[in-house]
Amino acid sequence: MFHRKHGVQGMSDSDDLFIREDPIFVNKELLEISHLPDEGRIVGRDEEIGQLANAVNPAIFGQSPSNVLIYGKTGTGKSLCAKYVSRRLVGTAEEEGVDAVFAYVDCAQDTTETQAVQTIASSVNTEETEIYIPDKGISTATYYKRLWRILDQEYDVTLIILDEIDKLEDDAILMQLSRAGEAGKVTDCKIGVMGISNKIKYKDRMDERVKSSLCEREFVFPPYNAGQLNEIMAARNDAFRNGVLEDAVIPRAAALAAREHGDARKAIDILRYAGEIAQAKGAETVREEFVVQARERAEVDRFRELIRGSTPHSRYVLQALTVLSLEHNPEGAYSDAADETDGFRTTRVYDVYEQICRQEGADTLSLRRVRDLLKEHAFLDILEQSRHSGGSAEGSYTEHTLLEDPEVVRDVLAETVS
DNA sequence: CGTCCACAGGAACTACGGGAAC
DNA sequence: GTTCCCGTAGTTCCTGTGGACG
């Protein structure tokens with residue numbers, strides 16, 4: 001911290017460029033996504049937490065915890081509860097004289113087996129082991145070897161949380177983890193895995209052997225209802241200065257979020273944005289009307305985050321589909337396309353994509369590659385793919401439908417291209 | 001009925017960057 | 001310094017699919 005007194009010397013208060021005292025927020029961290037609420041702030045998940053705790057309970061005696069698979073839509077508190085239970089477990093185990101740790105892996109970040117093992121190993125590593133876990137540069141097998149050694153040396157039991165497990169490119173790591181004990185790789189440490197997925201279908205594409213070992217216990221987290229969302233936000237209202245939040249704000253935000261799949265994260269985002277909008281407008285209170293604008297902004301932000309870091313060509317492909325969507329279905333033309341699914345087949349998207357590449361002066365990628373890019377977007381729920389058969393002279397083909405609002409996509413793409 | 005069209009998607013391969021280990 | 005290994009972004013080649021058409 002620097003001495004602000006020095007910096008503003010000789011200036012009158014009205015000249016200040018920056019606001020010194022936030023008129024809206026007092027503790028904004030409460031509204032950050034990464035913020036982990038403490039006990040008593042987790043709403044409406046008592047039962048789930050109890051069951052989860054029950055599944056991993058043996059760990060506090062140094063015995064094998066059950067492996068768990070948690071399903072639920074985004075923002076239903078899956079990661080939150082998993083972390084919470086794990087943290088409590090480690091604490092309780094310690095009281096029992098058992099060395100326990102948990103490692104949290106966000107598989108959306110670490111999509112390959114190697115990266116995931118690396119994250120686990122480096123997060124459970126301690127100074128005492130004198131084992132070095134480099135960021136990259138060594139083989140997957142080496143990471144495993146070092147991980148096993150750390151676990152054997154330091155711990156009696158380990159809990160590994162694999163969040164967004166469906167983003168993992170294959171289940172090799174699950175195989176390794178579930179068989180580590182049997183194969184004699186690890187002798188002194190029990191391993192438990194908590195898998196978290198928001199795709200129910202995930203289980204179907206799992207290897208049969210992995211499935212039987214990983215899915216000892218399964219839980220489904222239901223979406224929050226409006227009442228619970230209300231409570232969740234109310235529990236965080238001390239992020240705001242006293243009396244700044246108008247009464248209708250939280251119920252309104254809760255209602256909006258409840259309608260959109262009961263996503264608590266979105267609800268909190270909306271609340272934060274509403275506050276920021278109030279701030280930007282210099283309003284003294286957060287008014288209900290800001291909530292609607294906040295939702296809009298949350299939407300745009302989420303999408304921007306989604307395509308952040310994507311390659312130019314990946315964007316061109318998206319742009320192509322957006323152009324098609326816009327010209328085919330301009331401004332709320334609702335009735336004229338009632339019989340069509342307003343999806344566009346791959347080759348059509350590819351044609352437009354080629355045009356865009358010409359405009360941008362870029363070489364075009366192969367059709368094969370574009371198919372993969374489209375598939376990647378589908379995976380991120382930016383668009384939806386559907387298989388069809390029939391037509392003029394075809395067997396099967398795929399149609400792509402933009403799930404996001406085309407105008408939002410267009411605007412975000414336009415702003416980031418430059 | 002066979003063939004062909006126009007697409008889907010798997011597999012193998014290339015090229016390049018970057019770090020670790022020996 | 002050389003050899004290994006991984007990640008990313010692509011390409012090329014190939015096999016499959018299923019209705020239309022001669």
Side-chain angles (χ1 to χ4, degrees), chain A residues 105-123 125 129-150 162 164-177 201 204-207 306-321 324 340-354 356-358 360-380 382-401 416-417:
Chain A
V105 183
D106 180 4
C107 300
Q109 234 99 59
D110 304 321
T111 52
T112 69
E113 185 189 4
T114 315
Q115 289 167 341
V117 188
Q118 194 275 333
T119 304
I120 296 169
S122 66
S123 83
N125 200 11
T129 60
E130 292 184 345
I131 294 174
Y132 173 54
I133 307 291
D135 286 351
K136 49 176 172 170
I138 59 177
S139 68
T140 311
T142 312
Y143 280 122
Y144 276 120
K145 274 184 205 147
R146 295 186 187 183
L147 173 62
W148 304 147
R149 242 167 64 215
I150 293 168
L162 295 171
E164 303 213 49
I165 197 170
D166 46 316
K167 297 276 197 303
L168 230 39
E169 64 178 13
D170 54 52
D171 357 300
I173 188 168
L174 299 175
M175 281 286 280
Q176 293 288 335
L177 290 175
K201 280 193 302 181
D204 301 341
R205 51 164 244 249
M206 258 199 301
D207 185 285
L306 223 48
I307 64 159
R308 193 172 58 97
S310 53
T311 59
H313 284 287
S314 178
R315 288 164 190 235
Y316 297 157
V317 170
L318 203 52
Q319 197 180 338
L321 184 58
L324 282 169
E340 299 173 39
T341 45
D342 63 306
F344 305 95
R345 57 164 70 194
T346 312
T347 37
R348 203 155 158 212
V349 176
Y350 189 69
D351 289 342
V352 179
Y353 159 78
E354 284 183 308
I356 291 171
C357 282
R358 265 198 294 280
E360 303 287 334
D363 294 335
T364 58
L365 299 178
S366 62
L367 175 62
R368 182 69 189 81
R369 180 64 186 143
V370 169
R371 262 200 281 269
D372 280 345
L373 290 176
L374 282 165
K375 200 178 172 185
E376 283 171 25
H377 285 138
F379 197 71
L380 292 174
I382 294 173
L383 57 85
E384 194 176 53
Q385 297 182 318
S386 54
R387 290 294 297 270
H388 299 268
S389 58
S392 53
E394 296 121 35
S396 62
Y397 60 92
T398 307
E399 282 195 340
H400 312 271
T401 316
T416 44
V417 154

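All values reported here derive from a predicted model rather than from experimental measurement.
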Parallel, tilted or perpendicular, as decided by the 30° and 60° cut-offs, for the rings of A:Tyr144 and A:Trp148: parallel

side-chain N/O A:Thr114 vs C:dG7 OP1/OP2, d < 4.0 Å: yes

Shortest non-hydrogen separation from A:Val317 to A:Leu374 and the atoms involved: CG1-CD2, 3.5 Å

Phosphate OP1/OP2 of B:dC7 contacted by A:Thr347 side-chain N/O (<4.0 Å): yes

Any donor-acceptor N/O pair, A:Asp171 side chain to A:Asp207 backbone, under 3.5 Å: yes

d(CD, A:Glu169; P, B:dA11) in whole Å: 13 Å

Phosphate contact (C:dG18 OP1 or OP2) by A:Ser389 side-chain N/O below 4.0 Å: no

Atom pair distance, as rounded to whole Å: OH in A:Tyr350 and P in C:dG10: 12 Å

Sugar-phosphate only, base, or nothing, as touched by A:Tyr132 at under 4.0 Å among non-hydrogen atoms: sugar-phosphate

Minimum-distance nucleotide (side-chain atoms of A:Arg368 versus B:dG18, B:dA8, C:dC13): C:dC13

Touch class at under 4.0 angstrom, heavy-atom based, for A:Arg387 against every strand present: sugar-phosphate

Touch class at under 4.0 angstrom, heavy-atom based, for A:Thr112 against every strand present: sugar-phosphate

Heavy-atom side-chain proximity of A:Gln115 to A:Thr111 below 4.5 angstrom: yes

A:Thr398 vs A:Arg345, side-chain contact (heavy atoms from CB on, under 4.5 Å): CA-CA, chis, key distance, verdict: CA-CA 6 Å; A:Thr398 307; A:Arg345 57 164 70 194; over 6 Å; no

Interatomic distance where CD belongs to A:Gln115 and C1' belongs to C:dG7 [whole Å]: 7 Å

Interatomic distance where CD belongs to A:Glu399 and C1' belongs to B:dA8 [whole Å]: 14 Å

N or O in side chain of A:Ser366 less than 4.0 angstrom from C:dT11 OP1/OP2: yes

A:Leu367 CG - C:dT11 C1' separation (whole Å): 12 Å

Phosphate OP1/OP2 of C:dC6 contacted by A:Thr140 side-chain N/O (<4.0 Å): yes

Geometric class of the A:Tyr397/A:His388 ring pair [parallel <30°, tilted 30-60°, perpendicular >60°]: parallel

Interatomic distance where CG belongs to A:Leu373 and C1' belongs to C:dT11 [whole Å]: 13 Å

Spacing of A:Glu113 atom CD relative to C:dC5 atom P, expressed in whole Å: 14 Å

Worked verdict on A:Phe344 versus A:Thr401 for side-chain contact (heavy atoms from CB on, under 4.5 Å): CA-CA 7 Å; A:Phe344 305 95; A:Thr401 316; over 6 Å; no

Closest to the A:Ser139 side chain, choosing from C:dC5, C:dG10, B:dA20: C:dC5

side-chain contact (heavy atoms from CB on, under 4.5 Å) between A:Leu367 and A:Thr346, intermediate numbers included: CA-CA 9 Å; A:Leu367 175 62; A:Thr346 312; 4.2 Å; yes

Difference in axis direction between the ends of the helix from B:dC1-C:dG22 to B:dC22-C:dG1, five pairs, 10°: 30°

C:dG19 phosphate, OP1 or OP2, under 4.0 Å from A:Ser396 side-chain N/O: no

N/O (side chain, A:Arg371) to phosphate O (OP1/OP2, B:dG9) under 4.0 Å: no

Distance in angstrom units between A:Asp372 CG and C:dT11 P, rounded: 10 Å

Nucleotide of B:dG9, C:dA9, B:dC7 approaching A:Arg369 most closely (side-chain heavy atoms): C:dA9

